[in-house]
**Student:** 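Here's a structure for you.
Hydrogens, waters and symmetry mates play no part in the numbers below; they use all other heavy atoms, side chains included. What you see is a predicted model; the values in this text were computed from it and never measured. Every chain is numbered from 1 and lettered A, B, ... according to where its sequence line falls, protein lines coming before strand lines.
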Amino acid sequence: MNSRRLPRSFYQRPTLTVAQELLGKILVRRWRNTLLAGKIIEVEAYLGEQDPASHAYRGRTPRNQVMFWNGGHLYVYFTYGMHFCANVVTEEEGRARAVLLRALEPVAGVETMTRARGSDLIENLCNGPAKLCQAFRIGRPQNGTDLCGKTIWIEEDRHSAPPQIIRTSPRIGITSATHQQWRFFMNSPFLSRR
DNA sequence: CTCTGGATTAGCT
DNA sequence: GCTAATCCAGAGC
């Protein structure tokens, strides 16, 4: 029944690989008896101590501790005084690597997402890292959630094959390591930027 | 303790 | 294109 749910081993691989393979997968959340789901279409990789743009660049702190956990957990952080962003932790414990979820194509629970976001076009529900957190009601309590559990998980898309074409670009909104092409996305009307 | 600026967004010019 | 909103992590003293 949940055979499409990604196993721990999916996350315990090189971060750039996981980032690209997350494209086309479905993020699912069970929220008050309704299922929220969205196809992952845009992500960014953050590579821990070796990456100046990563929260873990200067080592472990109270905020970034979940990045150091085993792959397959959710790292949620608060920023700009009002927004949350969600990352998928990758590799093994102690590595501090993660993939930022930047945009989703809504596939289930659209009405609930619309209520969470305020009346809005479907294209505007999940086309940004803070927007998708608002649509999925992901906040502080969800930091550290085990993606191999029963509330938030990622599964294979039963309707379509993995994307044929994966595009890359520098990461958005950072000022260091801008030469790295660690943003991965597929063609879609639901991207955070066109 | 104080200070700086941020993996963003919405709304305006 | 510009910037306010609004909190707090992390750095430096």
**Student:** Could you please name the option among C:dC7, C:dG10, B:dA7 that lies closest to any side-chain atom of A:F78?
**Tutor:**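 Between C:dC7, C:dG10, B:dA7, the one nearest the side chain of A:F78 would be C:dC7.
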**Student:** C:dG10, B:dA7, B:dA10: which one has an atom nearest the side-chain heavy atoms of A:N64?
**Tutor:**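 The nucleotide sitting nearest to the side chain is C:dG10.
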**Student:** What orientation do A:Y77 and A:H55 show, parallel under 30°, tilted 30 to 60°, or perpendicular over 60°?
**Tutor:**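 Rings of A:Y77 and A:H55: perpendicular, over 60°.
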**Student:** Considering every strand and a 4.0 Å limit on heavy-atom distances, what is the contact class for A:R183: base, sugar-phosphate, or nothing?
**Tutor:**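 Nothing: the residue A:R183, judged by heavy atoms under 4.0 Å, touches no strand.
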**Student:** Does A:R183 make a cation-pi contact with A:F185 (under 6.0 Å, within 45 degrees of the axis)?
**Tutor:**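 Output yes; distance and angle both within limits.
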**Student:** Can you identify which nucleotide, out of B:dG6, B:dA7, B:dA10, has its nearest atom closest to the A:Y80 side chain?
**Tutor:**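 Of the options given, the side chain of A:Y80 lies nearest B:dG6.
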**Student:** Using a cut-off of 4.0 Å on non-hydrogen atoms, how would the nucleic acid contact of A:R60 be classed: base, sugar-phosphate, or nothing?
**Tutor:**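 Result for A:R60 = nothing.
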**Student:** For atom P, what is the distance between C:dT6 and B:dT2, given to the nearest Å?
**Tutor:**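 Those two atoms are separated by 23 Å.
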**Student:** So A:R171, base contact, sugar-phosphate only, or nothing? Heavy-atom distance under 4.0 Å.
**Tutor:**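 No contact at all - A:R171 keeps every heavy atom at 4.0 Å or more from the nucleic acid.
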**Student:** Quick check with a 6.0 Å cut-off and a 45 degree axis cone: is A:R167 positioned over the face of A:F184's six-membered ring?
**Tutor:**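 The answer is no; the distance or angle limit is not met.
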**Student:** So, is A:H55 close to the B:dA7 phosphate, meaning a side-chain N or O under 4.0 Å from OP1 or OP2?
**Tutor:**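 True: A:H55 side-chain N/O within range (under 4.0 Å) of B:dA7 OP1/OP2.
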**Student:** Tell me which nucleotide among C:dT6, B:dT8, B:dT9 gets nearest to the side chain of A:K131.
**Tutor:**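 My answer, after comparing the listed nucleotides, is B:dT9.
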**Student:** Report which part of the nucleic acid A:L100 touches: base, sugar-phosphate, or nothing (heavy-atom distance under 4.0 Å, all strands).
**Tutor:**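 The residue A:L100 makes base contact.
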**Student:** Would one find a side-chain N or O of A:R193 under 4.0 angstrom from OP1 or OP2 of B:dA7?
**Tutor:**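 The answer is no; no side-chain N or O of A:R193 sits under 4.0 Å from OP1 or OP2.
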**Student:** Choose from B:dA7, C:dA11, B:dT9 the nucleotide whose nearest atom is closest to any side-chain atom of A:R58.
**Tutor:**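 The listed nucleotide nearest to A:R58's side chain is C:dA11.
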**Student:** For the side chain of A:Y75, starting at C-beta, report the closest nucleotide among C:dC7, B:dA7, B:dG6.
**Tutor:**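 Minimum distance to the A:Y75 side chain belongs to B:dA7.
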